[in-house]
Amino acid sequence: MYIELSILLEIIATVFGLVQGFLVMQNKRSNWVFYILQIITLFAFSAVNHLYGDMMNNIVYLVMGIMGAILWSRSKQRQSITQCSSLERVLYILGGGAATFCIASILKHTDDPLPWLDSFSTVSGFIATYYMVKRKLDTWVIWTVNDIVYIIEYFMLPNTAWWLLGLNCVWAVMAIMSYVNWRRIMKKDEQ
């Protein structure tokens with residue numbers, strides 16, 4: 001029963017994730033509907049697999065998804081893509097490292113099978129989602145790294161999460177494509 005439920009949740013999350021990834025790559029605000037549906041499904045998957053960091057992550061993702069839907073519905077916010085400043089980059093790298101260490105220190109005392117990967121994917125996901133809501137180009141660099149870590153994490157799970165591993169392979173490619181597309185949009189808007 002556990003394995004069937006886990007696989008079903010993986011497949012549903014994968015479908016929602018692919019639709020959302022395609023829509024956000026195109027800079028469409030409708031991506032947030034599929035984002036929210038996927039997050040709800042991933043929360044259930046994480047609960048079934050004892051990935052507590054990911055469960056926390058998904059609660060924050062849900063709130064940020066709602067914020068993203070609201071902010072992207074405002075016409076001015078929807079149109080402007082910008083880059084992070086050098087200071088913002090230093091802060092998200094240092095803050096992300098410190099937060100990863102703190103969360104991993106907590107998760108090591110649970111039955112989380114991969115506390116360090118789980119904490120890094122949690123923290124980098126928070127940062128990437130925040131910058132996606134803010135329409136910062138840097139989000140796609142962070143998402144690419146996050147997807148690679150998730151590929152490793154899902155492979156290393158006791159019951160390898162093949163569907164989510166595959167989704168993150170696709171997302172890594174889509175993150176690169178999104179970076180290229182958003183950079184093109186940003187440059188066009190600057191002219």
Side-chain angles (χ1 to χ4, degrees), residues 5-49 51 53-75 77-82 84 118 120-155 157 161-186:
L5 177 59
S6 182
I7 291 171
L8 178 63
L9 291 169
E10 273 188 78
I11 293 168
I12 293 168
T14 299
V15 170
F16 286 147
L18 289 172
V19 172
Q20 186 272 334
F22 177 76
L23 291 171
V24 75
M25 182 172 47
Q26 300 302 313
N27 201 27
K28 303 286 185 188
R29 73 175 181 214
S30 58
N31 88 84
W32 292 107
V33 172
F34 292 93
Y35 181 92
I36 290 167
L37 291 172
Q38 183 200 27
I39 294 308
I40 292 167
T41 308
L42 284 173
F43 181 86
F45 172 84
S46 298
V48 167
N49 287 284
L51 294 170
D54 282 346
M55 288 174 67
M56 290 187 307
N57 205 10
N58 290 321
I59 291 169
V60 174
Y61 279 164
L62 183 59
V63 171
M64 293 178 97
I66 293 166
M67 287 174 39
I70 292 167
L71 289 175
W72 279 39
S73 67
R74 297 179 182 163
S75 62
Q77 175 69 21
R78 192 165 26 112
Q79 295 172 353
S80 59
I81 297 170
T82 60
C84 289
D118 193 7
F120 180 84
S121 60
T122 297
V123 171
S124 62
F126 287 160
I127 295 167
T129 301
Y130 173 78
Y131 285 120
M132 189 168 75
V133 168
K134 302 290 280 177
R135 293 229 173 154
K136 296 286 188 176
L137 182 63
D138 302 65
T139 191
W140 299 115
V141 174
I142 301 165
W143 274 127
T144 301
V145 172
N146 179 273
D147 292 331
I148 291 167
V149 169
Y150 266 119
I151 290 165
I152 296 165
E153 181 178 343
Y154 289 138
F155 180 76
L157 279 176
W162 291 109
W163 286 93
L164 291 174
L165 186 152
L167 174 62
N168 280 275
C169 288
V170 172
W171 271 351
V173 172
M174 290 178 86
I176 294 165
M177 293 169 59
S178 295
Y179 178 88
V180 170
N181 193 46
W182 276 33
R183 184 169 177 81
R184 182 188 54 77
I185 293 167
M186 186 180 75

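Remember, predicted model here, so these are calculated numbers, not experimental data.
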Show which side-chain atoms of residues 165-174 pair as donor or acceptor with protein atoms under 3.5 Å away, not counting sequence neighbours.
residue, atom, partner, partner atom, Å
Asn168, ND2, Leu164, O, 2.8
Trp171, NE1, Gly17, O, 3.0

Show, in sequence, the C-alpha distance, side-chain angles and deciding distance for Trp72 and Val24, and conclude whether the side chain to side chain contact (heavy atoms under 4.5 Å, CB included) test is met.
CA-CA 11 Å; Trp72 279 39; Val24 75; 3.9 Å; yes
All side chain to side chain contact (heavy atoms under 4.5 Å, CB included) counterparts of Ser46, not counting sequence neighbours
Leu51, Asp54, Met55, Asn58
Write out all pairs satisfying side chain to side chain donor-acceptor pair (under 3.5 Å) with one or both partners inside residues 7-22, taking only residues at least two apart or from two chains.
Gln20-Asn31
Shortest non-hydrogen contact from Ile70 to Ser73?
O-OG, 2.6 Å
Sorted by chain and residue number, the side-chain hydrogen bond (donor to acceptor under 3.5 Å, both in side chains) partners of Glu153 (sequence neighbours excluded) come out as Ser121
Non-neighbouring partners of Tyr131 that pass ring-ring contact (aromatic ring centres under 6.0 Å, His included), sequence neighbours left out:
Tyr92
Who are the side chain to side chain contact (heavy atoms under 4.5 Å, CB included) partners of Met186, not counting sequence neighbours?
Ile81, Gln83, Leu137, Arg183, Glu190
Could you pull out all residues at least two apart from Ile59 that satisfy side chain to side chain contact (heavy atoms under 4.5 Å, CB included)?
Phe43
Which residues satisfy the side-chain hydrogen bond (donor to acceptor under 3.5 Å, both in side chains) test with Thr82, sequence neighbours excluded?
Lys136
Heavy-atom side-chain proximity of Val48 to Phe45 below 4.5 angstrom
no
Tyr35: ring-ring contact (aromatic ring centres under 6.0 Å, His included) partners, not counting sequence neighbours
Trp32
Any side-chain donor near an acceptor of the partner, Thr139 and Trp143, under 3.5 Å
yes
By side-chain hydrogen bond (donor to acceptor under 3.5 Å, both in side chains) - contacts of Asn146 (at least two apart)
Ser124
Minimal non-hydrogen separation, Gly125 against Tyr61, with atom names:
CA-OH, 2.7 Å
From CG (Leu157) to CD1 (Ile152), nearest 0.5 Å:
12.5 Å
To the nearest 0.5 Å, what is the distance between CD (Gln26) and CE (Met177)?
8.0 Å
What heavy-atom pair brings Asp138 and Cys84 nearest, and what distance separates the two atoms?
OD1-N, 2.7 Å
With Trp140, which residues qualify under side-chain hydrogen bond (donor to acceptor under 3.5 Å, both in side chains), at least two apart?
none
In chain order, what residues pass the side chain to side chain contact (heavy atoms under 4.5 Å, CB included) check against Phe16, with sequence neighbours excluded?
Ile12, Phe34, Leu37, Gln38, Thr41
